[in-house]
Amino acid sequence: MRVLLLGAGGYIGRRVADRLLMDRDLQVTVLGRRDSADIRFDLAAGSPGALARFLDAVMPQVVINCAGATYGTSRTLVRANVLAVATVCEAIRRSHEPARLVHIGSAAEYGVVPCGAPISESAEPRPVGPYGVSKLAGTELVLSSGLDAAVLRVFDVVGPGTPAASLFGRLAEGLRRALEQQEGQVRMPDLSGFRDFVDVRDVAQAVRAAAVSAATGVINIGTGHAVQAREAAELLIRASGFEGALSEEIRTVLLPAQVAAEPGPVTAPPPPAAVESRPVIEPVPWRQADVRTARERLGWRAQTPLEESLGDVWLETACRV
């Protein structure tokens, strides 16, 4: 099967490329902005017609879109997560043999949901920040394109290669610095929220499964379990051997035990003012995937324990010079 991979230079894209290249049944071509790409092309700036010509040359049976932006200005997010997706969809439609499309979405598209319950694909998306809004717009473009397409709505990704600006990338770097400088405290933002942490290598397996399947529509990719970010942080701290204190900005959230007394959606506080060059932690108390669709339609489920994922994050950080 001929596969065209977009966004192979990103966090998820790198792992997807590694997984696809291991498969002898797949012929993989990489399209992107980097010199290492087989085809140099900027999705945010290039035209659908130009991309369609590349598609006709490669004749992929599946296009996998891992390209996009997680941080940056609203303009950056719109260009990477909306305009680029529109270009991909239009190019596939214009190509002589339209390929199947597997697009990487985000659980941030759901926004605030009731605490204590898994989120199904049928939940009404209510994103709370520019990133989630831009990803939802990209998903809607894919779903309304008329293409043979699946959107993998990926939950909170962890594991080796985690970006330095991410929650655990920042914590790992803080721990490394504290150990080197013999500091007794590491500062972090609020860690009271619950998240469904899924290993990036498991995500890559899900992408491969979706590429060779006939599944369409939105499919959640997560573990099906919610873990408090503070508990996950403790796993990373334990892996590092740091014995100091973890200091965080505490924000009041609705815990799962309170759901029976206070049912219904949680009203999150407004997000802090965005700083263009830094990520903003979403004020979403709860995020847990309903993963039945992934199991039934892709035959996929997460395999990597969170402790192993965070241990690998620390190993990479500790070895960094």
Side-chain angles (χ1 to χ4, degrees), residues 1-8 12-13 15-31 48 51-52 54-56 58-68 84-107 109-110 118-123 125 135-136 138-155 157 198-224 289-303:
M1 176 183 288
R2 294 182 302 278
V3 177
L4 181 66
L5 176 60
L6 316 178
I12 293 176
R15 290 294 172 180
V16 170
D18 291 343
R19 176 61 187 86
L20 297 181
L21 291 170
M22 290 171 54
D23 196 327
R24 294 183 179 180
D25 293 330
L26 302 180
Q27 180 181 330
V28 183
T29 301
V30 173
L31 180 146
L51 181 57
F54 285 125
L55 291 173
D56 288 338
V58 176
M59 297 181 63
Q61 293 156 289
V62 179
V63 173
I64 298 175
N65 184 26
C66 296
V85 177
T87 296
V88 172
C89 291
E90 180 60 24
I92 294 176
R93 281 196 297 263
R94 292 188 188 184
S95 62
H96 294 315
E97 296 184 19
R100 171 173 169 77
L101 174 61
V102 176
H103 175 71
I104 303 300
S106 170
E109 297 171 37
Y110 287 119
I119 310 167
S120 73
E121 290 87 353
S122 63
K135 289 298 291 183
L136 177 59
T139 289
E140 293 297 337
L141 285 171
V142 172
L143 297 179
S144 63
S145 66
L147 299 172
D148 172 12
V151 175
L152 303 188
R153 204 165 260 168
V154 178
F155 279 62
V157 186
V198 58
D199 191 272
V200 66
R201 292 160 292 195
D202 288 337
V203 173
Q205 292 280 17
V207 172
R208 192 270 176 195
V212 300
S213 78
T216 58
V218 174
I219 303 172
N220 287 339
I221 301 300
T223 66
D290 181 332
V291 295
R292 288 175 295 180
T293 301
R295 292 176 180 177
E296 294 169 1
R297 302 181 66 187
L298 301 183
W300 172 91
R301 66 176 62 204
Q303 300 289 336

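Note: hydrogens, waters and symmetry copies are ignored here, and every other heavy atom, side chains too, is used. Heads up: numbering here begins at 1 and tracks the sequence. Being a predicted model, the structure only gives us computed values, none of them experimental.
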Quiz prompt | Pairwise distance CD1(I219) to CD(E296) - rounded to 0.5 angstrom | solution = 11.0 Å
Self-check item: Minimum side-chain heavy-atom gap I64-V3 below 4.5 Å
Solution: yes
Quiz item: Do any N or O atoms from the side chain of K135 and from the backbone of G68 form a donor-acceptor pair under 3.5 angstrom?
Solution: no
Quiz prompt | Q27 side, atom CD; T29 side, atom OG1 - distance, nearest 0.5 Å | solution = 6.0 Å
Quiz item: Atom CG of L298 and atom OG1 of T293: how far apart are they, to the nearest 0.5 Å?
Solution: 8.5 Å
Quiz item: Would you say L152 and V102 make side-chain contact, with heavy atoms under 4.5 Å?
Solution: yes
Exercise. With the side chain counted from C-beta on, respond yes when V63 and L55 share a heavy-atom pair under 4.5 Å apart, and no when they do not.
Key: yes
Quiz item: Between V198 and V203, does a side-chain contact (heavy atoms from CB on, under 4.5 Å) hold up when you go through it step by step?
Solution: CA-CA 7 Å; V198 58; V203 173; 3.9 Å; yes
Exercise. Can you see which heavy atom on V157 is nearest to which on D199, and at what distance?
Key: CG1-C, 4.5 Å
Quiz item: Counting only heavy atoms not in R297, do more than 12 sit closer than 6.0 Å to its CZ atom?
Solution: yes
Quiz item: So, for C66 and L5, which heavy atoms are closest and what is the spacing to 0.1 Å?
Solution: SG-CD1, 4.0 Å
Quiz item: Would you say L101 and V88 make side-chain contact, with heavy atoms under 4.5 Å?
Solution: yes
Quiz item: Is there a side-chain contact between R100 and Q61, using heavy atoms and a 4.5 Å cut-off?
Solution: no
Quiz item: To the nearest 0.5 Å, how far apart are NE2 in H103 and CG in N65?
Solution: 5.5 Å
Quiz item: Are R19 and Q205 close enough that a side-chain donor and a side-chain acceptor fall under 3.5 Å?
Solution: yes
Exercise. Return the minimal non-hydrogen interatomic distance between R295 and T223, and the atom names on each side.
Key: NH2-O, 4.2 Å
Quiz item: Side chains of V62 and L4: does their closest heavy-atom pair fall under 4.5 Å?
Solution: no
Exercise. Would you sort out whether W300 and D202 count as a side-chain contact (heavy atoms from CB on, under 4.5 Å), showing the intermediate values?
Key: CA-CA 9 Å; W300 172 91; D202 288 337; 4.0 Å; yes
Quiz item: Taking everything shown except R292 itself, do over 12 heavy atoms lie less than 6.0 Å from its CZ?
Solution: no
Exercise. Please report the C-alpha distance between D23 and R208 in whole Å, then the side-chain angles of each, then the deciding distance to 0.1 Å, and finally whether the side-chain contact (heavy atoms from CB on, under 4.5 Å) criterion is met.
Key: CA-CA 9 Å; D23 196 327; R208 192 270 176 195; 2.6 Å; yes
Quiz item: Would you find a donor on one side and an acceptor on the other, under 3.5 Å apart, between the side chain of N220 and the backbone of I119?
Solution: yes
Quiz item: What's the verdict on salt bridge (charged side-chain N to carboxylate O under 4.0 Å, His left out) for E121 and R153, showing C-alpha distance, side-chain angles and the deciding distance?
Solution: CA-CA 9 Å; E121 290 87 353; R153 204 165 260 168; over 6 Å; no
Self-check item: Heavy-atom pair with the smallest gap, counting every atom of E109 and S106
Solution: OE2-N, 2.9 Å
Quiz prompt | Heavy-atom check, side chain of P48 versus side chain of R94, under 4.5 Å | solution = yes
Practice problem: Search all heavy atoms of G105 against all heavy atoms of T139 and return the closest pair with its distance. | Solution: CA-OG1, 4.3 Å
Quiz item: How many angstroms lie between CG in D148 and CD1 in I92, if you round to the nearest 0.5 Å?
Solution: 10.0 Å
Quiz item: Do the non-hydrogen side-chain atoms of L147 and R93 ever get within less than 4.5 Å of each other?
Solution: yes
Exercise. List the steps and the verdict of side-chain contact (heavy atoms from CB on, under 4.5 Å) for V142 and C89.
Key: CA-CA 7 Å; V142 172; C89 291; 4.0 Å; yes
Quiz item: Hey, does the side chain of R2 reach the backbone of V28 with a donor-acceptor pair shorter than 3.5 angstrom?
Solution: no
Exercise. Give the minimum heavy-atom separation between G217 and L143, together with the two atoms involved.
Key: CA-CD2, 4.1 Å
Quiz item: What distance separates I104 CD1 from L6 CG, expressed to the nearest 0.5 Å?
Solution: 10.5 Å
